[in-house]
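Structure first, commentary second.
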Amino acid sequence: MRVIPVPNQSDNYAYLLIDDTSKTAAAVDPFDVPKVTAAAEKEGVQIVAGITTHHHPDHSGGNKEFSSKYPGTPMYAGSTTAPAVTTVVKDKSEFTLGDNIHIRALHTPCHTQDSICFYAHDRATDQKGVFTGDTLFRGGCGRFFEGTADEMYAALSYLATLPDSTVVYDGHEYTKGSLAFAKSVEPGSSGVDRLTQLVSSSPVTTGKSSIGDEKAWNVFMRLDSEPVKKATGEAEPSKIMSKLRDMKNNFRG
């Protein structure tokens, strides 16, 4: 299993999820179809599926062009609110890519009600990755546009049940801002120190962290941390989550 990030717009990521044995690929959030096509040609793979993490147009806005470029190719998504969707997946829906990659849908409503994280497992190599759209970012999480703090708490708790080695592929390059916020909430944390090293080493951070890393440095996944409780002045998980989101929305650090 290989994953090729395809940066687009100002800070979005599309991806090619590649099964090397069959030389086939799924395109995740293929907003810029020419860029995705060029990436597939460079890698020598055939695009056989599309995946949409949620309906917001900066993620699904290329779907119609994608379906025209690749007629008959399935497009998986959590609802038909996104354009050109052929297959609506629910929580724990499963499908395969090529010879070895098994994909499971994880319904994580909050940022949007149709938000789906797609967990990919290569059964030949045991590699694992999760495409989190705008639900989980490195060091952060998405805004609660269509949901509540309780729903985001449930979504991130759900993702936390994945194997710690699962590599995170998110929808935007927001890590620098997330790091600044994490430093204000949990200063001196060893996890935040590691995130600092990651940000300083590369402007592209996607695919360079795991679920285990997020548990160590993402304050939105560390609601039981005493510094996080102190920073928010709250003790209940949903209230901590709500306060953290408000703090991040207004953070200017």
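Not measured: the values here are computed from a predicted model. If you read the sequence from its start, that first residue is 1, and numbering goes on from there.
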| Which word best sums up how the rings of Phe66 and Tyr70 line up, parallel for under 30°, tilted for 30 to 60°, or perpendicular for over 60°? |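 Correct class here is tilted.
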Would you call [X] and [Y] a side-chain contact if the rule is heavy atoms closer than 4.5 Å?
X      : Y      : answer
Asp29  : Tyr13  : no
Val192 : Leu179 : yes
Pro30  : Met75  : yes
Leu17  : Phe131 : yes
Leu223 : Tyr153 : yes
Leu16  : Ile47  : yes
Leu136 : Met221 : yes
Thr96  : Asp19  : no

Pairing donors with acceptors under 3.5 angstrom, does anything connect the side chains of [X] and [Y]?
X      : Y      : value
Asn249 : Arg245 : yes
Asp193 : Thr196 : no
His55  : Glu146 : yes
Thr21  : Asn100 : yes
Thr206 : Glu173 : no
Thr112 : Ser115 : yes
Asp134 : His56  : no
Ser202 : Lys208 : yes
Ser93  : Tyr76  : no
Asp126 : His121 : yes

Keeping the roles fixed (side chain from [X], backbone from [Y]), state whether a donor-acceptor pair exists under 3.5 Å.
X      : Y      : result
Lys239 : Glu234 : no
Thr161 : Ser157 : no
Glu214 : Gly139 : yes
Thr205 : Val199 : no

| task | Determine the minimum heavy-atom distance between Ala160 and Ile211, stating which atoms define it. | result |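 It is CA-CG2, 4.2 Å.
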| Nearest heavy-atom pair of Ala14 and Val36: which atoms, and what distance? |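 Heavy-atom minimum between the residues: CB-CG2, 4.2 Å.
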Would you say that more than 12 heavy atoms from the other residues, nucleotides or ligands in this model lie under 6.0 Å from the [atom1] of [X], or not?
X      : atom1 : result
Glu236 : CD    : no
Lys229 : NZ    : yes
Lys69  : NZ    : no
Lys128 : NZ    : yes

How long is the gap from [atom1] on [X] to [atom2] on [Y], to the nearest 0.5 Å?
X      : Y      : atom1 : atom2 : result
Lys215 : Asn218 : NZ    : CG    : 12.0 Å
Lys243 : Ser238 : NZ    : OG    : 13.5 Å
Asp11  : Lys176 : CG    : NZ    : 13.0 Å
His59  : His172 : NE2   : NE2   : 3.5 Å
Leu244 : Ile240 : CG    : CD1   : 7.5 Å
Leu106 : Phe118 : CG    : CZ    : 9.0 Å

| task | Report the C-alpha distance between Thr132 and Val168 in whole Å, list the side-chain angles of each, state the deciding distance to 0.1 Å, and finish with yes or no for side-chain contact (heavy atoms from CB on, under 4.5 Å). | result | CA-CA 7 Å; Thr132 59; Val168 176; 4.1 Å; yes
| task | Start with the C-alpha distance between Val185 and Met247, add both sets of side-chain angles, then the distance that settles side-chain contact (heavy atoms from CB on, under 4.5 Å), and finish with yes or no. | result | CA-CA 9 Å; Val185 173; Met247 291 167 61; 4.2 Å; yes
| Given Thr135 and Leu156, is the side-chain contact (heavy atoms from CB on, under 4.5 Å) satisfied, shown in steps? | CA-CA 8 Å; Thr135 295; Leu156 298 186; 4.3 Å; yes
| Candidate pair Trp217 and Arg138, rule side-chain contact (heavy atoms from CB on, under 4.5 Å), full reasoning | CA-CA 9 Å; Trp217 66 42; Arg138 237 160 326 288; 4.3 Å; yes
| message | Checking Lys92 now: which residues fulfil side-chain contact (heavy atoms from CB on, under 4.5 Å) with it, not counting sequence neighbours? | response |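 Partners of Lys92 by the side-chain contact (heavy atoms from CB on, under 4.5 Å) criterion, ordered by chain and then number, come out as Tyr158.
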